[in-house]
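These notes are about the structure you will find just below.
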Amino acid sequence: MPRSAKQKVTKAIFPVAGLGTRFLPATKSVPKEIMTLVDRPLVQYAIDEARAAGIKEFIFVTSRGKGALEDYFDHAPALEQELRKKGKDALLEVLKDTNMDSGAIAYIRQHKALGLGHAVWCARRLIANEPFAVILPDDVIAAEKPCLQQMVEAYAETGGNMVATMEASPEQTSSYGVLDPSAGASISGAVVAARGMVEKPAPGTAPSNLAVIGRYILGPSVLRNLNQMKQGAGGEIQLTDAIAEDIAAAVPTHGFRFKGERYDCGSKAGFLQATVAFALSRPELREDLMGYISKVAQVDKAAE
Ligand code: G1P
């Protein structure tokens, strides 16, 4: 078994440098990753998922204007003192999840928006020679067992590189990285061997319907591939291309068909759907919200 298959994944990169223009004007002063689903920012869902998968070091690739993210993960002594004084223990408990151990979190600036591959490459010195995870906080996944944990378990068997995948319709594949499954690979099991990956293939040219979703476990050779700074789809340095290069160099790479529901929180419609889904999963909100939704649906139907 290759050495990497036995090496534990303890570091994760969170690329959060994007401008979030689809959510302007909100993102003029609030980083997209701080926008909340019910009462927790997107980035909290990502961190919780990473923790559940055994991640110990959290590396954020940020850009100008993302200071609120750093504050979010810091202790807030004045607020904590106030809550303690008022005996609000439950709220103090809620805040605990937002705190990071000293040295467990690092922020690196991506100075130019050159693409996802470039953002990941910015963290190369903190990764050094280990396998690492990448989590895109825009992709929020509701699952009984958190998605990255499912992947870490599968990765313990496969090693190499692993990317989360989801079935997409032919109209959707051009918005994603798409897996090219190996000849003869079963595409109905959880783990699908890949012989290639293509970033945002032109309509009608996708090698499969397996779209890559924002969870990756990658070997350090992917970072070395990124050193070449090759431009890909949209003129950007693409993570997909660096993984495809690994595949060409015979590094075993697999798609992982996770169990769970993925929400594209980079789009308004996806963000709203996630808001409803996460609110409905909260016992204290469910009944009220259900009542409201059915009322709105009835009014809508009557108006047709
Ligand atoms: C990025 C990746 C793409 C992947 C997608 C998942 O694209 O480049 O391969 O399928 O995330 O959300 P983006 O959404 O940044 O255009």
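Atoms within a ligand are numbered from 1 in the order they appear, just like the ligands themselves.
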Could you pull out the N/O contacts under 3.5 angstrom between ligand 1 and the surrounding protein atoms?
{"from": "ligand 1", "atom 1": "7 (O)", "to": "Lys200", "atom 2": "NZ", "distance (Å)": "3.3"}
{"from": "ligand 1", "atom 1": "8 (O)", "to": "Glu199", "atom 2": "OE1", "distance (Å)": "3.4"}
{"from": "ligand 1", "atom 1": "8 (O)", "to": "Glu199", "atom 2": "OE2", "distance (Å)": "2.8"}
{"from": "ligand 1", "atom 1": "9 (O)", "to": "Gly177", "atom 2": "N", "distance (Å)": "3.0"}
{"from": "ligand 1", "atom 1": "9 (O)", "to": "Glu199", "atom 2": "OE1", "distance (Å)": "2.6"}
{"from": "ligand 1", "atom 1": "9 (O)", "to": "Glu199", "atom 2": "OE2", "distance (Å)": "3.4"}
{"from": "ligand 1", "atom 1": "9 (O)", "to": "Thr240", "atom 2": "OG1", "distance (Å)": "3.3"}
{"from": "ligand 1", "atom 1": "10 (O)", "to": "Gly177", "atom 2": "N", "distance (Å)": "2.9"}
{"from": "ligand 1", "atom 1": "10 (O)", "to": "Val212", "atom 2": "O", "distance (Å)": "2.6"}
{"from": "ligand 1", "atom 1": "12 (O)", "to": "Asp139", "atom 2": "OD2", "distance (Å)": "2.8"}
{"from": "ligand 1", "atom 1": "16 (O)", "to": "Lys200", "atom 2": "NZ", "distance (Å)": "2.6"}

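Annotation: Phe73 is in aromatic contact with Phe60 [ring centroid separation under 6.0 Å]. With ring centers used as reference points, Phe256 lies 6.0 Å or more from Tyr155.
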request  = Take Phe23 and Phe271, measure what ring-ring contact (aromatic ring centres under 6.0 Å, His included) needs, and give me the verdict at the end.
outcome  = CA-CA 10 Å; Phe23 286 93; Phe271 194 94; 5.6 Å; yes
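No side-chain heavy atom of Ser169 sits less than 4.5 Å from a side-chain heavy atom of Asn209. With contacts defined as side-chain heavy-atom distances shorter than 4.5 Å, the pair Phe58/Arg51 qualifies.
With hydrogens and angles left out, the side-chain atoms of Glu33 and Tyr72 include no donor and acceptor closer than 3.5 Å.
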